[in-house]
Protein chains: 2
Amino acid sequence: MNNEVLSQGAHRILEVAAHLFARQGYAGVSINDIAAEVGVSKANVFHHFASKEALYLAVIDAACDEFKTELECLKNHERDVALGLKQVACQHLMRLLSNPDPARLVLREVFKGESGIDSSQVAKILHRNFALLVEQIERGQVSGQFRRDTDPAMVAVTLIAQNIFFFQSWEILRQFPEFQNLDCAERLSAAAFDSLSKGLFAK
Amino acid sequence: MNNEVLSQGAHRILEVAAHLFARQGYAGVSINDIAAEVGVSKANVFHHFASKEALYLAVIDAACDEFKTELECLKNHERDVALGLKQVACQHLMRLLSNPDPARLVLREVFKGESGIDSSQVAKILHRNFALLVEQIERGQVSGQFRRDTDPAMVAVTLIAQNIFFFQSWEILRQFPEFQNLDCAERLSAAAFDSLSKGLFAK
DNA sequence: GTCTATATTCGGATAGAC
DNA sequence: GTCTATCCGAATATAGAC
């Protein structure tokens, strides 16, 4: 969607919209607010984005973009898919924690559908990244590093669920004595990935 | 906390409070509202619960109670810890989906700390269940069914993260083609547990 | 008009009678 | 256990002075 190069102006609108939507929700922000904050006319906003919905979807799309980049550069790790995945997961979690606004925006939409926009459009955006992740796991399977009798989609969703859950309940989880010794995101993420890759059952 | 037998009146207050807090949030509900809805005086509410905070924590506590029961009856599965865990996870997810209000209340508090209550009190309540879960996984380790070189706490948190994530993003996830063939909670939960127990790595 | 002071309302909490 | 009455503080509304 936002693969086309955005003009300077469109980019600034997108940035401001992301900020406002994250803080005040979909209904709490008017195109007027955004235009005023950017310092352009309402008409200009509509010139760049067909509707409030389209702008909002573009914001979600942009929020997913960094993860996509991280995932795509993973393809370069030709050798060790596991190591690449582990790094991506770690990067992802650290980004969530250090820059929570975009994530909160997306999660609010996913969990509550707060904008009222047809959820299939949101699903489509999110699925692009999900598919990339599944693809990488499948690559690990054909390379022989990963076992072939697990569902790649299930592994993918578990990886994401771990990170989202860590992100959301960070404040509570860090108070649990079991996590006292891995209170930094890197170590937590690494431990979570190891646990997932080793599995539960004894051989 | 609510192990003591609650009087009839206190129980009704708790129920109504749970319903109202779930729908309107902590700040959106006054003791007056609750008292009026129950049909008792405000003072009576304070007779049963020392403060609004205490009542709210009692509601959270009660919301966690069912999961605790499920977990405790798991101890009876002396033989197959894995099977027991799988069933508990499945039950948990199905309960989340069929009765989302209490979960939403707890999650709002965990994720956003919306009441402003000292999060360590919330952490303490939640940790009781978490510790039970970890305990069961450790039991699987000593019985030899589970490998001993994984962190039980990490497995526990992953199990919970899966269910919470499924619960929260059910509407989106079910639209992903990869999940089209497991669109009922039982199958999804089972597949997730299998994936977690088998692990990612080929032997 | 705007600012400040006063009044009213509302939510949390307590005391004491029944 | 339940009630009525009441207190305190914060927020909100309102009215009158400037």
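Below, read A as the first sequence line, B as the second, and so on, with proteins coming before strands; counting in each chain starts at 1.
- Following rounding to the nearest Å, Asp33(B) (CG) and dG12(C) (P) show an atom-to-atom distance of 8 Å.
- Summarising the geometry, the separation between CZ on Arg12(B) and P on dT2(D) is reported as 9 Å, rounded to the nearest angstrom.
- Leu96(B) approaches Ala103(B) most closely through the heavy-atom pair CD2-CB, 3.4 Å.
- Note: CZ (Phe46(B)) to P (dT4(D)) measures 16 Å, nearest angstrom.
- Contact annotation for Ser41(B): base contact, defined as any heavy-atom pair under 4.0 Å involving a base atom.
- Here dG9(D) presents its P atom at 19 Å from CD1 of Ile31(B), a figure rounded to the nearest Å.
- Distance from the side chain of Asn32(B) is smallest to dG11(C) among dT14(C), dG1(D), dG11(C).
- The NZ-C1' distance, from Lys42(B) to dC8(D), rounds to 11 Å in whole Å.
- A donor N or O paired with an acceptor N or O is not found under 3.5 Å between the base of dG11(C) and the side-chain atoms of Lys52(B).
- Distance His47(B) NE2 to dG16(C) P: 16 Å, rounded to the nearest Å.
- Judged by a 6.0 Å distance limit and a 45° cone about the ring axis, Lys52(B) is positioned over the six-membered ring of Tyr26(B).
- More than 12 heavy atoms of other residues, nucleotides or ligands lie within 6.0 Å of CZ in Arg108(A), so this atom counts as buried by the packing criterion.
- Taking a cutoff of 4.0 Å between a charged side-chain nitrogen and a carboxylate oxygen, Arg23(B) and Asp101(B) do not qualify as a salt bridge.
- Taking the six-membered ring for Trp and the full ring otherwise, the centers of Phe67(A) and Phe130(A) sit at least 6.0 Å from each other.
- Out of dG12(C), dG1(D), dT4(D), the shortest distance to the side chain of Ala43(B) is found at dT4(D).
- Distance, Asn44(B) CG to dC3(D) P: 5 Å, rounded to whole Å.
- Note: CG (Leu20(B)) to C1' (dG11(C)) measures 15 Å, nearest angstrom.
- With the 3.5 Å cutoff on both pairing distances, Watson-Crick and G-U pairs in DNA chain D assemble into runs of at least 3 at C:1-18 with D:1-18.
- Ring pair His127(A)/Phe176(B) is perpendicular by interplanar angle, where above 60° counts as perpendicular and below 30° as parallel.
- Under the 3.5 Å distance criterion, the side-chain polar atoms of Gln175(B) are matched with a main-chain donor or acceptor of Glu171(B).
- For the OP1/OP2 pair of dT2(D) and a distance below 4.0 Å, the side-chain nitrogens and oxygens of His48(B) include at least one atom meeting the criterion.
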